[in-house]
Colleague: 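Got a structure for you, written out below as C-alpha cells; questions coming shortly.
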Amino acid sequence: MNVDDIAKSAEALRDAKHIVMLTGAGVSAESGVPTFRDKDGLWDKYDVTTLATPQAFEEDPGFVWKWYDWRRQKVKDVKPNPGHHAIADMEKWAEANGKRFTLVTQNIDNLHSLAGSRNIFELHGNIWKVRLWGTGPDDISVRELLECPLAECPPKDDAGKLLRPHVVWFGETLSPAVIEGAQHAAMDCDVMLVVGTANVVYPSAVMPYSVLRKGGTVIEINPGVTELSSDATISMREKSGEALPEIYSRITENA
Ligand code: BJW
C-alpha cells in the first residue's frame, strides 16, 4: 500500500469541512457482489438492453424480474465488508468533529445502510424496494418488498397491478430529490472520495469534476485505472476494503 497516498488522504480529510464519499459497485466486490463492467461482471454475462431498460421491462417483466430475484438472493446473504464499515466509521468521526459527511452511492445493494451509514443518497435506487410500473421514482407507491425468493414473478400489488424494481435503468431520470441532494453536496464539499466506480455513468460521473473545477480535492480508490485517474488529486490503485480502514485508522490516530 502506498503509505504516502494514505497519509495525504488522511490529512485532507482531517482538514475538510464537508466530505462526500461517492461509491460504486467495487465497494461491494469484497463482499462477493459482482460489479458491472469488470471481467466476469454483470454486463460481461448479460445484455444490458434486455435487462436494465424500461423497454426490456415493458416487453417481458417476468424475465427482468427473474434476474432481479436472482440478484436479490445473492445480496440477501452477503455482509458489509471492512470498506463499508470504514465509511460508516468516517461518518461518525466527521460528525463528532464538526464536519459534514455525505455518502452518495450508485449501489442498490443496501450494504452501506447495513454497515451503519446514515446520510445516504442512493442514486440508482434500492434492490429491496418496488413501486408501481409506470410511475416515477418519487411516487407514493414506493415500498419495501423483502420476500426473497419471490413467490410470484413478476410480483403484483394487492389490486393486481404490476410492480417494478425501484432502481434506475438506462434512459430513466433519477429521483429529483435524490439527485438534487447529491449534487448540492458535491458542490458544497471540499473533499470527495471516489471509491470503486468506473465513473462512466451519468449524471454521477460529472460530480468529481464539479469538485475539481471549484478547487476541491478528489481522492480516487480503485485497483484499476479509470478515466478519472489522471485528473484526480490523489489516485491510488488499492482495494477499498484495504485502503479505507487504513485511512480511517490514520485520521483517528492521536485523536
Ligand atoms: C474495486 C474493487 C475493490 C473492483 N475496491 N474498487 C451524458 C449525460 C447524461 C446522461 C448520459 C450521457 N450519455 C449517456 C447518458 C445516459 C446514461 C449513461 O450514463 N450512459 C453511460 C454508460 C454513457 N445515463 C442514464 O441513462 C441515467 N439517467 C439519466 O442520465 O437520465 C437523464 C438522461 C437520460 C437519457 C439521456 C440523457 C439524459 C441512468 C443511469 C442508470 C444506471 N443504472 C445502472 C443499473 C442500476 C440497477 C441495477 O443494478 O440493476 O446502475 S447501470 C450500472 O452502472 C449500475 C451502476 O450503479 C452503474 C455504475 O457502475 P459502477 O458502480 O461504476 O460499476 P462498474 O462495474 O462499472 O465499475 C466497478 C469499479 O470497481 C471498477 O472500476 C473496478 O476497477 C472497481 N473495483 N473491485 C475498489 N475491491
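Every heavy atom of this structure was used, including side-chain atoms; hydrogens, water molecules and symmetry mates were not. Both ligands and their constituent atoms are indexed starting at 1 by order of listing.
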Colleague: Using atom types as modelled, flag every donor-acceptor pair under 3.5 Å from a side chain in residues 18-34 to any protein atom, sequence neighbours excluded.
Modeller:
{"unit_1": "His18", "atom_1": "ND1", "unit_2": "Asp188", "atom_2": "OD2", "d": "2.5"}
{"unit_1": "His18", "atom_1": "NE2", "unit_2": "Thr102", "atom_2": "OG1", "d": "2.8"}
{"unit_1": "Thr23", "atom_1": "OG1", "unit_2": "Thr105", "atom_2": "OG1", "d": "2.7"}
{"unit_1": "Thr23", "atom_1": "OG1", "unit_2": "His112", "atom_2": "NE2", "d": "2.9"}
{"unit_1": "Ser28", "atom_1": "OG", "unit_2": "His84", "atom_2": "NE2", "d": "3.2"}
{"unit_1": "Ser28", "atom_1": "OG", "unit_2": "Asp109", "atom_2": "OD2", "d": "2.6"}
{"unit_1": "Glu30", "atom_1": "OE1", "unit_2": "Gly241", "atom_2": "N", "d": "3.4"}
{"unit_1": "Glu30", "atom_1": "OE2", "unit_2": "Gly241", "atom_2": "N", "d": "3.0"}
{"unit_1": "Ser31", "atom_1": "OG", "unit_2": "Lys79", "atom_2": "O", "d": "2.7"}
{"unit_1": "Ser31", "atom_1": "OG", "unit_2": "Asn81", "atom_2": "N", "d": "3.4"}
{"unit_1": "Ser31", "atom_1": "OG", "unit_2": "Asn81", "atom_2": "ND2", "d": "3.0"}

Colleague: Could you list the atoms of ligand 1 found under 4.0 angstrom from a heavy atom of Tyr68?
Modeller: 47 (C), 48 (C), 50 (O)
Colleague: For atom 26 (O) of ligand 1, what is the nearest protein heavy atom, given as residue, atom name and distance?
Modeller: Gly171 N, 2.8 Å
Colleague: Distance alone, cut at 3.5 Å: any donor-acceptor contact between the side chains of Thr252 and Arg250?
Modeller: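 There is no such pair (donor and acceptor under 3.5 Å, judged by atom type) between the side chains of Thr252 and Arg250.
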Colleague: With the threshold set at 4.0 Å, does a side-chain nitrogen-carboxylate oxygen contact exist between Arg164 and Glu172?
Modeller: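 So Arg164 pairs with Glu172 through a salt bridge.
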Colleague: At the 4.0 Å heavy-atom cut-off, does Pro223 count as touching ligand 1?
Modeller: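 The answer is yes: ligand 1 sits under 4.0 Å from a heavy atom of Pro223.
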Colleague: Considering only heavy atoms of Thr173, which atoms of ligand 1 have at least one such atom less than 4.0 Å away?
Modeller: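 The atoms of ligand 1 under 4.0 Å from a heavy atom of Thr173 are 31 (O).
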Colleague: Which of the atoms in ligand 1, numbered in the order shown and given with their element, are less than 4.0 Å from a heavy-atom of Glu172?
Modeller: 27 (C), 28 (N), 29 (C), 31 (O), 39 (C)
Colleague: With backbone taken as N, CA, C and O and side chain as the heavy atoms from C-beta onward, which portion of Ile108 lies under 4.0 Å from ligand 1: side chain, backbone, both, or neither?
Modeller: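 It is the side chain that gets close, since no backbone atom is under 4.0 Å.
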Colleague: Which bit of Glu30 is near ligand 1, meaning a heavy atom under 4.0 Å away: side chain, backbone, both or neither?
Modeller: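 The answer is the side chain of Glu30.
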Colleague: Mark yes when over 12 heavy atoms from residues, nucleotides or ligands other than Glu59 sit less than 6.0 Å from its CD; otherwise mark no.
Modeller: no
Colleague: Establish whether atom 38 (C) of ligand 1 and some protein heavy atom are separated by less than 4.0 angstrom.
Modeller: no
Colleague: At their closest point, which heavy atom of Arg14 faces which heavy atom of Ile251, and how far apart are they?
Modeller: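 Residues Arg14 and Ile251, closest heavy atoms: NE-O, 3.4 Å.
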Colleague: Is it the case that Asn199 and Thr197 place a side-chain donor and acceptor less than 3.5 Å from each other?
Modeller: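 No - no donor-acceptor pair under 3.5 Å links their side chains.
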Colleague: Show me which atoms of ligand 1 lie under 4.0 Å from any heavy atom of Lys239.
Modeller: 5 (N), 80 (N)
Colleague: Please work out, at 4.0 Å between heavy atoms, whether the side chain, the backbone, both, or neither of Ala198 comes within that distance of ligand 1.
Modeller: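 Both backbone and side chain of Ala198 come within 4.0 Å of ligand 1.
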Colleague: Tell me if the aromatic rings of Trp93 and Tyr248 count as close, with their centers under 6.0 Å from one another.
Modeller: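 Not close enough - the centres of the two rings lie 6.0 Å or further apart.
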Colleague: Distance to the ring centre below 6.0 angstrom and angle to the axis at most 45 degrees; does that hold for Arg71 and Trp67?
Modeller: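 That pair qualifies as a cation-pi contact.
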Colleague: Just jot down the ligand 1 atoms closer than 4.0 angstrom to any heavy atom of Thr35, in number order.
Modeller: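 In order of numbering, the contacting atoms are 66 (O).
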Colleague: Considering all protein heavy atoms, does one lie under 4.0 Å from atom 15 (C) of ligand 1?
Modeller: no
